[in-house]
Amino acid sequence: MRILVTGGAGFIGSHLCELLAGLGHQVTAVDNLVTGRRSNLGHLVGKDSFTFWEADVTQDAVGEGWEAIFHLASPASPVGYQRKPIETLLVNSLGTYHLLDLASASGAQFLLASSSEVYGDPPPQEHPQRETYWGNVNPVGPRSCYDEGKRFAEAITASYLKERGVDARIVRIFNTYGPRMAEDDGRIIPTFISQALHGEPITVYGDGSQTRSLCYVTNLVDGLVKAMFSPGTRGEVFNLGNPDERRVAEYAHLIRELTGSSSPVIYTPPREEEIARRRPDITKAEARLGWRPTTPLREGLAKTIEWFREASA
Ligand code: UDP
C-alpha cells in the first residue's frame with residue numbers, strides 16, 4: 001500500500017515507518033522537524049520502500065493518491081508542546097483538517113494519533129480510563145494547547161466520518177517509551193535515564209506518588225497498525241497503552257538500579273496541574289484488535305538504557 005505517516009521523524013512515527021516498510025508497504029514520512037529528527041530515520045533513508053519529505057502539514061501539500069494516512073504530527077511531550085503551544089494547536093486543528101481532506105479526496109483509510117491527554121485529570125471513579133470517559137480538562141491550563149488540540153482533532157475526525165464518510169479511526173496513545181526519545185524532551189524516561197547515566201540527581205516531581213503506565217514503543221506501533229487495518233475499526237476509538245501502572249518514584253529507583261548509577265533520587269516541587277493517576281483500560285483493544293503490550297517494563301527499560309548509552313557514546 002502507499003502510506004503517508006505525518007510526524008514520521010518523531011519518536012513513535014519513526015518506529016511506525018520502520019514497521020510499515022518491513023511489512024512491504026511503500027512509506028512516505030513527512031515532518032517539519034519541530035520536534036522530530038532526521039537521525040531517527042537514518043536506518044530507512046536510501047531504501048526503495050521509503051521516502052522522507054520535510055514539510056509542514058498545516059500549510060504544505062503532501063502528495064495525493066494515498067491508500068492510508070497515519071496522522072501523528074504534533075509536539076507530544078509537556079516540555080515540547082509548552083515550548084510551541086500555537087504550533088501544537090495548529091497542527092492538531094488545521095493540520096488534521098488538511099489531512100482529513102486529503103484522506104477524503106484519496107479515499108484513504110485514516111488514523112488519528114490522539115492521546116490519553118483528552119481525559120485530562122480523571123476523578124478516582126474513572127480509573128482506569130475507558131474510551132467512554134469524556135475527560136476533565138482545563139481549557140486554559142498549562143496542558144491545554146495539547147489537550148484541546150487533540151480534542152479538536154478527535155472532533156473534526158468524527159465530523160469527517162459522519163459528513164464525508166472518511167474511513168477514519170482514533171487511537172488514544174498513553175505514555176510510551178523506548179529508543180529514539182529525545183534526551184531533552186523532559187519526559188520521565190529520557191530524563192531519568194539521562195540523569196542516571198550522567199551521575200546527576202534523578203528529579204522526581206512532587207512526592208512521586210503520582211502514577212503512569214508505560215508502554216514499550218514497538219508494542220505501541222504494532223497496535224497502531226492493527227487499529228488501522230483490522231476489520232471493523234472504522235469509526236472506532238481505541239486506547240493503546242500498558243495497564244502496568246507504577247508510581248513515578250518507582251520508575252526513578254528502577255532506572256537507578258538498571259543503569260547501575262549512584263545518582264541520588266531527589267524530590268522537587270510538584271509540576272503545575274499534575275495528573276495524579278493514569279492507566280488505560282485496554283479491554284476494547286484486546287477484544288477487537290487482539291492487541292496487548294508484551295514487553296515487560298524491565299526488559300523495555302534495559303533496551304532503552306542500552307540505546308541511550310550507545311547514542312551518547
Ligand atoms: N516526572 C518527574 N520528573 C521528571 C519528568 C517527569 O517526576 O524529570 C513525572 C511527571 O511529574 C509525571 C510523570 O513523570 O508525573 C510523567 O511525566 P511526562 O512528562 O513523561 O508525561 P505526562 O504523562 O505527564 O504527560
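For ligands, and for the atoms within them, numbers begin at 1 and follow the listed sequence. Computed over heavy atoms, backbone and side chain alike; hydrogens, waters and symmetry mates excluded.
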Protein residue, atom and distance nearest to atom 3 (N) of ligand 1, heavy-atom basis: T203 O, 2.7 Å

Check: Y205 N/O within less than 3.5 Å of ligand 1 N/O: yes

Check: Y177 ring centre within less than 6.0 Å of Y216 ring centre: yes

Atom indices of ligand 1, in the order listed, that fall short of 4.0 Å to a heavy atom of T191: 8 (O)

E286 with R292: basic N within carboxylate O range, under 4.0 Å: yes

Among T157, N92, T6, side-chain hydrogen bond (donor to acceptor under 3.5 Å, both in side chains) partner for H71: T6

Option from V248, I305, L254, L301 for which side-chain contact (heavy atoms from CB on, under 4.5 Å) with F192 holds: V248

Ligand 1 N/O within reach of R187 N/O, cut-off under 3.5 Å: no

Flag, side chain of S263 to backbone of P201, donor-acceptor distance under 3.5 Å: no

E117 neighbourhood, listing ligand 1 atoms whose heavy-atom distance to it stays under 4.0 Å: 25 (O)

Pick from E274, R143, R278: the one approaching atom 11 (O) of ligand 1 most closely through a non-hydrogen atom: E274

Residue-ligand contact S77/ligand 1, heavy atom below 4.0 Å: no

Short N-O contact, E117 and R172, less than 4.0 angstrom: no

Nearest non-hydrogen protein atom, atom 20 (O) of ligand 1: I188 N, 2.8 Å

Winner among R277, R271, R247 once heavy atoms are compared against atom 18 (P) of ligand 1: R271

Ligand 1 atoms in contact with V204 (distance to a heavy atom under 4.0 Å): 7 (O)

Within 6.0 angstrom of K84 NZ, more than 12 heavy atoms from elsewhere: no

R37, CZ: over 12 other non-hydrogen atoms inside 6.0 angstrom: yes

Ligand 1 versus N175: contacting region, heavy-atom distance under 4.0 Å: side chain

Short side-chain to backbone donor-acceptor contact, N242 and L214, under 3.5 Å: yes

N or O contact, R212 vs ligand 1, cut-off under 3.5 Å: yes

Heavy atom of F192, distance to ligand 1 below 4.0 Å: yes

